[in-house]
Amino acid sequence: MEGFKPRPGTFLPLLEARERDRAATQSAPGSPLTLLEILARQAQQSLPMFDLQTLGGMPPSRYAEALKSLKNAGYITIVGEAPEQVTRLTDSGANVVQIARPA
């Protein structure tokens with residue numbers, strides 16, 4: 001690759017597109033709906049709590065608030081004892097995910 005020179009005008013659009021993609025993923029923080037969508041994609045529609053937090057990309061305090069609101073709304077259930085607790089999507093939660101998906 002020594003001495004490689006890109007064609008004029010080809011590198012800047014690539015960098016701009018890459019930066020847009022990076023900004024889009026960083027500016028879209030996890031939300032309670034994100035957690036429901038993650039659970040809906042699982043074969044068993046459930047995940048261990050720590051795995052869900054990792055996939056949701058939320059800070060611990062925000063994750064705890066999201067779980068509390070989803071549980072209170074009846075969209076998820078939490079079963080088991082800490083630290084092996086599992087979060088499960090309820091039928092109501094699955095309906096919310098279907099309604100929220102774009103047509």
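All values derive from a computational prediction rather than experimental measurement.
Atom CG of Leu36 and atom CG of Asn95 lie 11.0 Å apart (nearest 0.5 Å).
Tracing side-chain contacts under 4.5 Å through hydrophobic residues (I, L, V, M, F, W, Y), one reaches Ile38 starting from Ile78; they form part of the same cluster.
Across Val97 and Glu37, no two heavy atoms sit closer than the pair CG2-N, 4.0 Å. What you find for Leu39 and Leu47 is that their closest heavy atoms are CD2-N, 3.8 Å. Of all heavy-atom pairs between Leu33 and Ala100, the closest is CD2-CB, 3.8 Å. Annotation for Met58 and Ala66: closest pair CE-CB, 3.9 Å, computed over non-hydrogen atoms. Scanning all heavy atoms of the two residues, the minimum distance from Ser46 to Arg88 falls at CB-CG, 3.4 Å. Residues Gln45 and Ala40 come closest through the heavy atom pair NE2-O, 4.1 Å.
Here the options are Leu52, Ile76, Thr87, Leu55, the test is side chain to side chain contact (heavy atoms under 4.5 Å, CB included), and the partner is Leu35; only Leu52 passes.
Atom CG of Asn72 has more than 12 neighbouring heavy atoms from other residues, nucleotides or ligands inside a 6.0 Å radius.
With sequence neighbours excluded, the residues that form a side chain to side chain contact (heavy atoms under 4.5 Å, CB included) with Ser92 are Tyr75, Thr90.
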